[in-house]
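Read the structure below first, then the notes.
The model shown is predicted, which means the values in this text are computed figures rather than measured ones.
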Amino acid sequence: MSASMNCIEMTGPGGPEVLVSAQRPRPEPKAGEVLIQVAAAGVNRPDCLQRLGLYPAPADASDLLGLEAAGIVAAVGPGVTTLKEGDAVCALLHGGGYASHVTAHADHCLPVPKGFSMVQAAALPETFFTVWHNVFQRGALKAGESLLIHGGSSGIGTTAIQLAKAFGATVFTTAGSADKCAACQELGADRAINYREEDFVEVIKASPSRGVDVILDMVGGDYLPKAVKVLRPDGRHVSIAFLQGSKVQMDFMAVMLKRLTFTGSTLRSQTVAFKSAVASALRDQVWPLLDQGKIAPVIHQTFPLAHAAEAHRLMESSGHIGKLVLTVD
């Protein structure tokens, strides 16, 4: 292997134009880690926030963007016994995915599902880890319950729709266009609500379910007090982002009377052990569905690694449905 690697660096915080091609020394895997020769890397909204200077990388993380990747294990670090050179994996990363090589904790790697391309595999880790923990662990969604997903056409949303339906839930989503709503329903959503034309509170209240048990919210803002109106007693609201702001005025009397739970989480700051536990749950309960072709990531477009800035522009335009992925030669 070459001692150097291709990567995308930031010249500083700012717009997509700050992303530039560069070369750096190839990283070496530490104890418990593997080195992955990257074939593809997912693009996620936190990447855009980090580029803008609004989501600093943890002190122990690479300053390079990229929270997920797929490729071939090129080397294993001390103590790694579960993987070997040549294994095809996708991995949740602490950073550094926008490169031809990246290190990952071995326990955060999952096998490339049967029949999946590297592009498809690269679109899995960040969204599947996020959805599994927030919807099924923190939100405790169960078969027979109902879920409302804000941003149903996003990478997170398209994943959440498929997983919730696979595990027996009724699914409502919000999206911003007729095309996006149609895509959500094709993935299995029972009702997709165009928030530009309809009020999701009125739609859900008029539906046979008349409410939902869990809400996955990446919008925030005035969607938070509206959540109180549509959640059933003992309902759970899980925040994972605040595209419309995190500060809002709410009357918590209804929260108390309906025994509602408002919670939220971030993934990147979680411990190695926590992420390893989520990976284990995914391997046991979700990867069989991927292997059987029952669910799959929605890929909107791929870009060569050198064109990462174009991928960021599309991400920030919200003109996509599903995932954006960078390919690495």
Would you check, one step at a time, whether the test side chain to side chain contact (heavy atoms under 4.5 Å, CB included) holds for Leu65 with Ile8?
-> CA-CA 8 Å; Leu65 302 178; Ile8 296 295; 6.0 Å; no
After noting the C-alpha distance and the side-chain angles of Leu260 and His237, does the key distance pass the side chain to side chain contact (heavy atoms under 4.5 Å, CB included) rule?
-> CA-CA 8 Å; Leu260 304 180; His237 178 282; over 6 Å; no
Full working for side chain to side chain contact (heavy atoms under 4.5 Å, CB included) between Val73 and Cys109 | CA-CA 10 Å; Val73 174; Cys109 296; 6.0 Å; no
Would His94 and Thr103 count as a side chain to side chain contact (heavy atoms under 4.5 Å, CB included) if you check the C-alpha gap in whole Å, the side-chain angles of each, and the deciding distance to 0.1 Å?
-> CA-CA 9 Å; His94 205 36; Thr103 54; over 6 Å; no
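Here Arg26 pairs with Glu28 in a salt bridge; the nearest charged N to carboxylate O distance falls below 4.0 Å. With respect to Asp199 and Lys229, no salt bridge is recorded, no charged nitrogen being found less than 4.0 Å from a carboxylate O. Of the charged side-chain nitrogens involved, none lies within less than 4.0 Å of a carboxylate oxygen, so that Lys114 and Asp291 do not count as a salt-bridged pair.
In summary, the aromatic rings of Trp132 and Phe128 are positioned with their centroids too far apart to meet the 6.0 Å limit. In summary, the aromatic rings of Phe200 and Phe172 are positioned with their centroids too far apart to meet the 6.0 Å limit.
Taking each heavy atom of Thr159 and Gly155 in turn, the nearest pair found is OG1-O, 2.9 Å. When all heavy atoms of Ser100 and Met5 are compared, the closest pair comes out as OG-CB, 3.2 Å. Closest heavy-atom contact between Leu141 and Ala164: CD2-CB, 3.9 Å. Contact between Cys90 and Ala121 at its shortest, heavy atoms only, is CB-O, 3.4 Å. Between Leu324 and Ala311, the closest heavy-atom pair is CD1-O, 3.4 Å. Between Ala61 and Arg268, the shortest heavy-atom distance links the atoms CB-NH2, 4.0 Å.
The environment of Asp284 atom CG is dense: over 12 non-hydrogen atoms of other residues, nucleotides or ligands sit within 6.0 angstrom. Around the NZ atom of Lys205, the shell of radius 6.0 Å holds more than 12 heavy atoms that belong to other residues, nucleotides or ligands. Within 6.0 Å of atom NZ in Lys294, 12 or fewer heavy atoms from other residues, nucleotides or ligands are found, so the atom counts as exposed in its surroundings. Taking a 6.0 Å sphere around CD of Gln249, one finds it holds 12 or fewer heavy atoms contributed by other residues, nucleotides or ligands.
Residues Leu124 and Leu92 fall within the same hydrophobic cluster, defined by Ile, Leu, Val, Met, Phe, Trp and Tyr side chains chained together at heavy-atom separations under 4.5 Å. Cluster membership check: Leu64 does not share its hydrophobic cluster with Tyr55, using side-chain heavy-atom separations under 4.5 Å among Ile, Leu, Val, Met, Phe, Trp and Tyr. One hydrophobic cluster, built from ILVMFWY side chains closer than 4.5 Å, holds both Leu147 and Met218. The hydrophobic cluster containing Val230 does not contain Val238, counting ILVMFWY residues as joined when their side-chain heavy atoms lie under 4.5 angstrom apart, directly or transitively. Both Val131 and Leu110 are part of a single hydrophobic cluster, where members link through side-chain heavy atoms under 4.5 Å apart.
For the ring pair (Phe, Tyr, Trp, His ring centres under 6.0 Å) condition, no pair includes a residue of residues 281-309, sequence neighbours left out. The side chain to side chain donor-acceptor pair (under 3.5 Å) pairs that include a residue from residues 270-279 are His108-Ser276, where partners are two or more places apart or lie in different chains. Residues in residues 172-186 take part in these side chain to side chain donor-acceptor pair (under 3.5 Å) pairs, two or more places apart or across chains: His150-Thr174.
Using modelled atom types, no side-chain atom of Lys226 and backbone atom of Val201 make a donor-acceptor pair closer than 3.5 Å. With hydrogens and angles ignored, the 3.5 Å screen pairs a side-chain donor or acceptor of Gln162 with a backbone N or O of Ala296. Listed for the Glu68 side chain is a donor-acceptor partner under 3.5 Å among the backbone atoms of Glu126. Not a single donor-acceptor pair under 3.5 Å links the side chain of Arg51 to the backbone N or O of Ala309. Put simply, the side chain of Asp217 never gets that close to the backbone of Ser239: no donor and acceptor are under 3.5 Å apart. At distances below 3.5 Å, at least one donor-acceptor pair connects side-chain atoms of Ser207 with backbone N or O atoms of Ile204.
A donor-acceptor contact closer than 3.5 angstrom is absent between the side chains of Thr263 and Thr261. In summary, the side chains of Ser146 and Asp213 do present a donor paired with an acceptor at a separation below 3.5 Å, with no hydrogens or angles considered. Between the side chains of Asp47 and His312, no donor-acceptor pair is found at a separation under 3.5 Å. Side-chain contact of Asp107 with Thr82: a donor-acceptor pair under 3.5 Å is absent, judged by distance alone.
A heavy-atom distance below 4.5 Å is not found between the side chains of Ser21 and Asn6. Taking the side chain as every heavy atom from C-beta outward, Gln301 and Glu310 never approach each other to under 4.5 Å.
When each of Ile156, Asn44, Val119 is tested with Lys323 by the rule side chain to side chain contact (heavy atoms under 4.5 Å, CB included), just one qualifies, namely Asn44.
Using the six-membered ring where Trp is involved, Phe252 and Phe262 have ring planes that are tilted, between 30° and 60° apart.
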